[in-house]
Amino acid sequence: MLTFVLTTLLGAWAQTYSEQLNIGYTRKTDSYAQERLKLDVYYPEPKKAEGCPVVVWFHGGGLEAGNKEIPAQLKQKGWVVVGVNYRLLPQVTVDKTIDDAAEAVAWVFKNIARFGGNNKEIVVSGHSAGGYLAMMLCLNKEWLARYEVDADSVMLYAPFSGQAITHYNVRKMQGIGALQPTIDQYAPLYWVRKDCAPLLLICGDRELELYGRYDENQYLARMMKLAGHERTYLYEIGGHGHGAMVAPAFHILENHLHLMLGEAAAIRD
């Protein structure tokens, strides 16, 4: 496994990379969808015949703001990286936002091979609101099933500081305050199940995080394990708040991705 990881890292640094920007991924026809539902793809050249791992990245911004990005920490790793825009609250309701995220991931499954990506090695990640979207796609299989994708065919879900209860800006649209927690169908916790893909939960310091975010993730991790899910992992990055936790979280994501790729290589061998 160590040889596999070292070879992968050295190969990644030897490659050059290209980007294709503002690719429309939606079949929706309304003007806001046509304006907003685009993604960027960052990919290594030359493309490998067997394909590269793929990271789908959903930006943060409380579901109300933000724009697609290719984080610098995901570049020059030998991966294909997809930065996604989705429609924002309150212009749409949250069900439409989650559906956008599902449609984007489905697009990746069906199209990423032409950028050298392997659709059997897809990671779905994002920070804050983006992490919340990753959690919802992971735990409620209905969203991806609408696009004929099995949520469990994602190799790894890796939300950074995602909200496990109903998102606070969804509650705001329901007339509920940010400090009044609820768990309804728009809460990842509502959909706890044992038979899902590996779930990597990363948060900042419990005393510094936004609205008790670590505590929500800790409870989600506990309930997943009680339900029988053996591959839920929880990390707390001490001394780092909601924004500061992002940079070191990429190191944890990278370690888990390489471990999973190494496991897959060992099985093939």
Side-chain angles (χ1 to χ4, degrees), residues 1-2 4-6 8-10 12-13 17 40 42 44 52-63 65-84 121-138 154-165 167-168 188 197-222 224-225 231-263:
M1 185 181 296
L2 179 59
F4 168 82
V5 172
L6 289 174
T8 301
L9 291 173
L10 291 172
W13 282 105
Y17 294 82
D40 299 338
Y42 169 93
C52 299
V54 181
V55 179
V56 180
W57 180 260
F58 291 111
H59 67 82
L63 300 175
N67 282 293
K68 57 185 167 59
E69 59 179 343
I70 306 292
Q73 296 91 337
L74 295 177
K75 293 184 175 181
Q76 294 188 309
K77 300 290 186 181
W79 309 336
V80 177
V81 186
V82 182
V84 181
E121 296 178 347
I122 293 176
V123 177
V124 177
S125 187
H127 174 241
S128 195
Y132 165 81
L133 293 173
M135 287 177 173
M136 288 298 295
L137 297 185
C138 173
V154 170
M155 186 175 71
L156 174 69
Y157 292 89
F160 293 11
S161 194
Q163 189 136 37
I165 63 173
H167 193 279
Y168 69 92
L199 178 60
L200 174 62
L201 305 170
I202 312 172
C203 287
D205 191 304
R206 68 190 71 190
E207 298 299 333
L208 300 174
E209 263 286 9
L210 180 67
Y211 297 147
R213 195 64 55 88
Y214 172 80
D215 305 89
E216 296 176 31
N217 278 257
Q218 183 182 45
Y219 186 47
L220 175 59
R222 173 58 57 195
M224 290 292 288
K225 290 178 181 179
R231 302 200 73 176
T232 296
Y233 310 96
L234 174 65
Y235 290 86
E236 177 183 11
I237 301 176
H240 291 67
H242 187 65
M245 61 77 62
V246 178
F250 283 112
H251 175 69
I252 299 171
L253 169 59
E254 183 174 359
N255 281 348
H256 272 264
L257 177 53
H258 282 303
L259 285 170
M260 296 190 72
L261 293 173
E263 290 172 4

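The structure displayed is predicted, hence computed values, not measured ones.
- In plain terms, the two heavy atoms of I70 and D40 that are nearest each other are CD1-O, 3.9 Å.
- With sequence neighbours excluded, the residues satisfying side-chain contact (heavy atoms from CB on, under 4.5 Å) with A197 are Y157.
- Formation of a donor-acceptor pair under 3.5 Å by the N217 side chain with backbone atoms of G162 is found in this model.
- Listed by chain and number, the residues in a side-chain hydrogen bond (donor to acceptor under 3.5 Å, both in side chains) with Y168 amount to none (sequence neighbours excluded).
- With sequence neighbours left out, F58 forms a ring pair (Phe, Tyr, Trp, His ring centres under 6.0 Å) with no residue at all.
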Exercise. Give the C-alpha distance, both sets of side-chain angles, the deciding distance and a yes or no for side-chain contact (heavy atoms from CB on, under 4.5 Å) between F160 and L253.
Key: CA-CA 9 Å; F160 293 11; L253 169 59; 4.1 Å; yes
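- In plain terms, the two heavy atoms of S125 and V55 that are nearest each other are CB-CG1, 4.5 Å.
- D215 is linked by a side-chain hydrogen bond (donor to acceptor under 3.5 Å, both in side chains) to nothing, counting only residues two or more places apart in sequence or in another chain.
- Summarising the geometry of Q76 relative to Y42, their closest heavy-atom pair is N-OH, 3.0 Å, with the distance given to 0.1 Å.
- Classification of the H256-Y235 ring pair by plane angle, with boundaries at 30° and 60°, yields perpendicular.
- Residues that satisfy the side-chain contact (heavy atoms from CB on, under 4.5 Å) test with P71, not counting sequence neighbours, are W57, E69, Q73, L74, F250.
- Just one of H167, H127, H59 meets the ring pair (Phe, Tyr, Trp, His ring centres under 6.0 Å) condition when paired with Y132; it is H167.
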Could you list the donor-acceptor pairs under 3.5 angstrom formed between side-chain atoms of residues 236-245 and any protein atom two or more places apart in sequence or on another chain?
residue: E236; atom: OE1; partner: R206; partner atom: NE; Å: 3.2
residue: E236; atom: OE1; partner: R206; partner atom: NH2; Å: 2.6
residue: E236; atom: OE2; partner: R206; partner atom: N; Å: 2.9
residue: E236; atom: OE2; partner: R206; partner atom: NE; Å: 3.0
residue: H240; atom: ND1; partner: G238; partner atom: O; Å: 2.8
residue: H242; atom: ND1; partner: S161; partner atom: OG; Å: 2.8
residue: H242; atom: ND1; partner: E209; partner atom: OE1; Å: 2.9
residue: H242; atom: NE2; partner: S128; partner atom: OG; Å: 2.8

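- For Y233, the OH atom counts as densely surrounded, since its 6.0 Å shell holds more than 12 non-hydrogen atoms of other residues, nucleotides or ligands.
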